[in-house]
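One structure below.
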Amino acid sequence: MMRKLKLGIAGFHEQSNSYISLIKDGMIEGVEVGAVYDPDPYKRKQVKSLYPEIPFYTDYVEMLESGEVEAVVSYLPQYNNQINQY
């Protein structure tokens with residue numbers, strides 16, 4: 001059995017939620033969601049209610065250094081400079 005890539009999702013909203021659902025439903029092979037990052041702490045409750053097993057971070061660097069992710073897909077707006085600082 002092939003090992004799955006642990007993917008980080010940066011930015012949680014309708015589009016990224018749909019992508020997570022596709023992964024969780026096995027529609028994207030070889031990938032699992034390792035963690036979700038969003039700078040808005042209020043998104044934690046949404047993520048935890050939908051995906052209690054997925055770690056949530058409000059600090060992008062903390063997510064990257066957690067060992068939970070090997071690659072990241074960004075759903076953040078271009079003007080969010082937090083990722084550009086890493």
Side-chain angles (χ1 to χ4, degrees):
M1 184 172 176
M2 188 172 82
R3 187 180 73 78
K4 292 185 176 186
L5 175 72
K6 297 189 301 185
L7 188 65
I9 305 293
F12 187 78
H13 48 72
E14 191 173 320
Q15 185 180 7
S16 56
N17 184 34
S18 295
Y19 191 62
I20 292 170
S21 293
L22 289 172
I23 293 170
K24 299 287 288 170
D25 291 343
M27 301 299 290
I28 301 173
E29 294 182 19
V31 176
E32 66 181 315
V33 179
V36 172
Y37 156 78
D38 196 289
D40 181 352
Y42 296 107
K43 300 280 180 88
R44 179 184 305 272
K45 187 174 180 179
Q46 290 178 292
V47 172
K48 287 301 177 186
S49 70
L50 294 167
Y51 311 105
E53 73 284 1
I54 298 176
F56 179 88
Y57 295 90
T58 54
D59 183 309
Y60 187 73
V61 174
E62 187 179 338
M63 180 183 75
L64 292 177
E65 293 176 346
S66 72
E68 299 285 350
V69 301
E70 299 169 302
V72 177
V73 173
S74 178
Y75 286 93
L76 294 169
Q78 292 281 344
Y79 58 82
N80 187 319
N81 291 326
Q82 211 163 5
I83 285 180
N84 296 330
Q85 294 174 3
Y86 186 74

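Counting begins at 1 with the first residue of the sequence.
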Show me, pair by pair, the donor-acceptor contacts under 3.5 angstrom made by side chains of residues 46-54, not counting sequence neighbours?
from  : atom 1 : to    : atom 2 : distance (Å)
Lys48 : NZ     : Pro52 : O      : 3.4
Lys48 : NZ     : Ile54 : O      : 2.7
Ser49 : OG     : Lys45 : O      : 3.3
Ser49 : OG     : Gln46 : O      : 2.9
Tyr51 : OH     : Asn17 : OD1    : 2.6
Tyr51 : OH     : Ser21 : OG     : 3.0
Glu53 : OE2    : Lys24 : NZ     : 2.4

Quiz item: Looking at Glu68 and Ala35, what are the two nearest heavy atoms and their distance?
Solution: CB-CB, 4.2 Å
Quiz item: Atom CD1 in Ile20, atom CD1 in Ile28: separation rounded to 0.5 Å?
Solution: 10.5 Å
Practice problem: Can you see which heavy atom on Ala71 is nearest to which on Leu5, and at what distance? | Solution: CB-CD2, 4.2 Å
Quiz item: Honestly curious: do Val36 and Tyr60 fall in one hydrophobic cluster under the side-chain, below-4.5 Å linking rule?
Solution: no
Quiz item: Which residues satisfy the side chain to side chain contact (heavy atoms under 4.5 Å, CB included) test with Gln15, sequence neighbours excluded?
Solution: His13, Tyr75
Self-check item: Tyr19 with Val31, same ILVMFWY side-chain cluster at under 4.5 Å
Solution: yes
Exercise. For residues Thr58 and Pro41, report the shortest heavy-atom separation together with the two atoms involved.
Key: CG2-CA, 3.7 Å
Exercise. Check Pro55 against Gly34 and note the closest heavy-atom contact, atom names and distance.
Key: CD-O, 3.2 Å
Quiz item: Is it the case that one hydrophobic cluster holds both Phe56 and Leu7, taking links as side-chain heavy atoms less than 4.5 Å apart, direct or via other members?
Solution: yes
Quiz item: Can you tell if the side chain of Met63 reaches within under 4.5 Å of the side chain of Val72, non-hydrogen atoms only?
Solution: yes
Quiz item: For Glu70, which residues count as a side-chain hydrogen bond (donor to acceptor under 3.5 Å, both in side chains) partner, sequence neighbours excluded?
Solution: Arg3
Quiz item: How about Tyr37 and Tyr57: are their ring centroids closer than 6.0 Å?
Solution: no
Practice problem: Name all pairs fulfilling the salt bridge (charged side-chain N to carboxylate O under 4.0 Å, His left out) condition that reach into residues 27-43, sequence neighbours left out, sorted by first residue then second. | Solution: Asp38-Lys43
Self-check item: Minimal non-hydrogen separation, Leu76 against Pro39, with atom names
Solution: CD2-CD, 4.2 Å
Quiz prompt | Side-chain (Asp25) to main-chain (Met27) donor-acceptor, under 3.5 angstrom | solution = no
Practice problem: Check whether any side-chain N or O of Lys4 sits under 3.5 Å from a backbone N or O of Val33 as a donor-acceptor pair, and report yes or no. | Solution: no
Practice problem: Answer yes or no: is there a donor N or O on one side and an acceptor on the other, between the side chain of Ser16 and the main chain of Gly11, under 3.5 Å? | Solution: yes
